[in-house]
Visitor: 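Can you read through this structure? Questions will come right after.
This is a predicted model, so every value here is computed, not measured. Both ligands and their constituent atoms are indexed starting at 1 by order of listing.
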Amino acid sequence: MASASEFDPALALSHKFPDTTYSYTERDAALYALGVGVCLSDAVDGVELKYVYHENGQGSIKVLPTFATLLVLRSGASGYNLPGLEYDPRLLLHGQQYIELYKPLPSSCHIHNIVSLAGLHDKGKAAILEIETKSYEKESGDLLCMNRTTVFLRGAGGFSKSSKPFSYTNYPMNQNPAVKIPESKPFSVFEDRTQPSQALLYRLSGDYNPLHSDPMVAKVAGFSQPILHGLCTLGFAVRAIIKCICRGDPDLIKSVAGRFLLHVYPGETLVTEMWLEGSRVIYRTKVKERKRTVLSGYVGLRGLTSSL
Ligand SMILES: CCCCCCC[C@@H](O)CC(=O)SCCNC(=O)CCNC(=O)[C@H](O)C(C)(C)COP(=O)(O)OP(=O)(O)OC[C@H]1O[C@@H](n2cnc3c(N)ncnc32)[C@H](O)[C@@H]1OP(=O)(O)O
């Protein structure tokens, strides 16, 4: 591999990522739902049973909108390896996630992914890499969703002049997950306790990064114990919004944006606060035990929320 000084960001921008595929069944969707806390405190939860069971004779289970984040998993293997960009995978942290949903996800599907570079930034102490994945249903050719995954590669920055650090983005500013949290009282607040084994369950959905399961790897990365997957925390937060704002209807979710601000330890309690701003829900998730904000962002809704 080349050293940071040999890395040519201009050359990296012309890199073509290979297309990837992904197939899932109802079992994968249900396993994911359990991983992000569905029916965790109530096995017959009136609005959540439909994600894991054919309730009332329904033909198929419902799929949570954040399941879309799994469709890109295969892209990750090649997606975070830009030619010449050197980084220690043990120091990688998930920084942000942005999702657009164009139609409800089917309960089983074959997916074709088109992958591209959406952003690359030199932050000195870190490099930030943004990968965009458009996921198409193979059979119909329909575009189902788009994911933009931002990874924070600690120790991989410094490849450009510190007086003029390299920064490239190909998407509009209004899709940036960084939000200003209102000072008013939240419209709704939802509390959910994760299980000590939460990351061990969530990883079975396909993100086997040992940062979430191996105490030694967690220590090297700077944590006292394995931490929760960022996308697991995001799944908990969006579930809270579906419960409290969407009256249990997952199909109202049009887009999701989240910035991971601090790690979560499995077993900690997540408290998600929500504010309505037009057709957007601004949210912030805190860890109750440490009184620290771990995630914030917004969710775009379909349809009017004026009746709320
Ligand atoms: C399916 C797809 C899978 C995707 C791969 C993911 C694999 C997973 O297995 C891995 C995970 O889930 S890791 C767990 C989830 N993530 C985390 O816990 C990270 C939490 N965040 C942090 O620790 C810090 O915010 C931290 C460390 C990220 C940044 O904190 P600091 O070092 O203090 O940074 P700071 O000095 O405040 O800012 C430096 C510049 O970076 C920008 N920035 C900060 N936080 C960011 C974030 N979260 N995302 C993107 N950019 C971020 C800042 O804006 C700043 O830039 P500038 O100076 O230009 O303003």
Visitor: Taking C-beta and beyond as the side chain, do L73 and D207 meet within less than 4.5 Å on heavy atoms?
Guide: yes
Visitor: Nearest protein heavy-atom contact for atom 2 (C) of ligand 1: which residue, which atom, what distance?
Guide: Y80 OH, 3.6 Å
Visitor: Counting only non-hydrogen atoms of the protein, does one fall under 4.0 Å from atom 12 (O) of ligand 1?
Guide: yes
Visitor: Is the number of heavy atoms from other residues, nucleotides or ligands under 6.0 Å of H110 NE2 greater than 12?
Guide: no
Visitor: Indicate yes or no for a side-chain donor-acceptor contact from R148 to the backbone of T133 under 3.5 Å, with no hydrogens or angles considered.
Guide: no
Visitor: Pick, from K123, R259, H94, the option with the minimum heavy-atom distance to atom 43 (N) of ligand 1.
Guide: R259
Visitor: Which atoms of ligand 1 have any heavy atom of T149 under 4.0 Å away?
Guide: 4 (C)
Visitor: Which is closest to atom 23 (O) of ligand 1 in terms of heavy atoms, I227, N147, L93, I131?
Guide: L93
Visitor: Going by the closest heavy atom to atom 21 (N) of ligand 1, which one wins out of F223, F152, F260, Y208?
Guide: F260
Visitor: Could you give the side-chain donor-acceptor pairs of residues 57-66 under 3.5 Å, partners two or more places apart or in another chain?
Guide:
residue : atom : partner : partner atom : Å
Q58     : NE2  : K50     : O            : 3.3
Q58     : NE2  : Y53     : O            : 3.4
Q58     : NE2  : S60     : O            : 3.1
K62     : NZ   : D251    : OD1          : 3.2
K62     : NZ   : D251    : OD2          : 2.7
T66     : OG1  : Y32     : OH           : 2.7

Visitor: State whether Y208 and R203 meet the cation-pi test: NZ (Lys) or CZ (Arg) under 6.0 Å from the six-membered ring centroid, and within 45° of the perpendicular axis.
Guide: no
Visitor: When you measure from the side chain of E48 to the backbone N and O of C39, does any donor-acceptor pair fall under 3.5 Å?
Guide: yes
Visitor: Among L211, T233, L262, which residue satisfies the side-chain contact (heavy atoms from CB on, under 4.5 Å) criterion with I227?
Guide: L211
Visitor: Starting from atom 47 (C) of ligand 1, what is the nearest protein heavy atom, named by residue and atom, and what distance separates them?
Guide: G95 O, 3.6 Å
Visitor: Any non-hydrogen side-chain atom of I128 less than 4.5 Å from a side-chain atom of L153?
Guide: no
Visitor: Does R154 have a non-hydrogen atom less than 4.0 Å from ligand 1?
Guide: no
Visitor: Please determine whether a side-chain nitrogen of the Lys or Arg among D88 and R154 lies less than 4.0 Å from a carboxylate oxygen of the Asp or Glu.
Guide: no
Visitor: In the complex you have, is atom 9 (O) of ligand 1 within reach of the protein, judged by whether a heavy-atom distance drops under 4.0 Å?
Guide: yes
Visitor: Determine, using heavy atoms of H212 and all atoms of ligand 1, whether some pair is separated by less than 4.0 Å.
Guide: yes
Visitor: May I ask you to list the atoms of ligand 1 that are less than 4.0 angstrom from any heavy atom of L228?
Guide: 14 (C)
Visitor: Looking at ligand 1, does V294 have a heavy atom less than 4.0 Å from it?
Guide: no
Visitor: Report the member of L261, L211, V151 with the shortest heavy-atom distance to atom 22 (C) of ligand 1.
Guide: L261
Visitor: Should you measure from each heavy atom of H229, which atoms of ligand 1 turn up under 4.0 Å away?
Guide: 12 (O)
Visitor: For ligand 1, which atoms have a heavy atom of T69 less than 4.0 angstrom away?
Guide: 1 (C)
Visitor: Any atoms of ligand 1 less than 4.0 Å from a non-hydrogen atom of V72? List them with their elements.
Guide: 1 (C)
Visitor: Within the protein, is there a heavy atom lying under 4.0 Å from atom 30 (O) of ligand 1?
Guide: no
Visitor: For atom 15 (C) of ligand 1, which candidate among A126, G230, P89 holds the nearest heavy atom?
Guide: G230
Visitor: Suppose I only count heavy atoms of L73 and a 4.0 Å limit; which atoms of ligand 1 are within that range?
Guide: 1 (C)
Visitor: Ion pair present between E100 and K254, side-chain N to carboxylate O less than 4.0 angstrom?
Guide: no
Visitor: At less than 4.0 angstrom from any non-hydrogen atom of H263, what atoms of ligand 1 do you find?
Guide: 18 (O), 20 (C)
Visitor: Taking the side chain as everything from C-beta on, heavy atoms only, tell me whether V281 gets closer than 4.5 Å to Y298.
Guide: no
Visitor: Show your working on side chain to side chain contact (heavy atoms under 4.5 Å, CB included) between F260 and L231 and close with a plain yes or no.
Guide: CA-CA 9 Å; F260 303 107; L231 291 179; 4.3 Å; yes
Visitor: Would you mind checking which non-hydrogen protein atom is closest to atom 33 (O) of ligand 1, with the distance to 0.1 Å?
Guide: K125 NZ, 3.8 Å
Visitor: Would you tell me which option among I128, L231, N176 has the nearest heavy-atom contact to atom 51 (N) of ligand 1?
Guide: I128
Visitor: Could you list which atoms of ligand 1 come closer than 4.0 Å to a heavy atom of D207?
Guide: 7 (C), 8 (C), 9 (O)
Visitor: Determine, for R290 against E268, whether the closest basic-nitrogen to carboxylate-oxygen distance falls under 4.0 angstrom.
Guide: yes
Visitor: Do protein heavy atoms approach atom 38 (O) of ligand 1 to less than 4.0 Å?
Guide: no
Visitor: Sequence neighbours left out, what pairs pass side chain to side chain donor-acceptor pair (under 3.5 Å) with at least one residue falling in residues 117-130?
Guide: H121-E130, H121-S167, D122-S160, E130-T150, E130-Y171
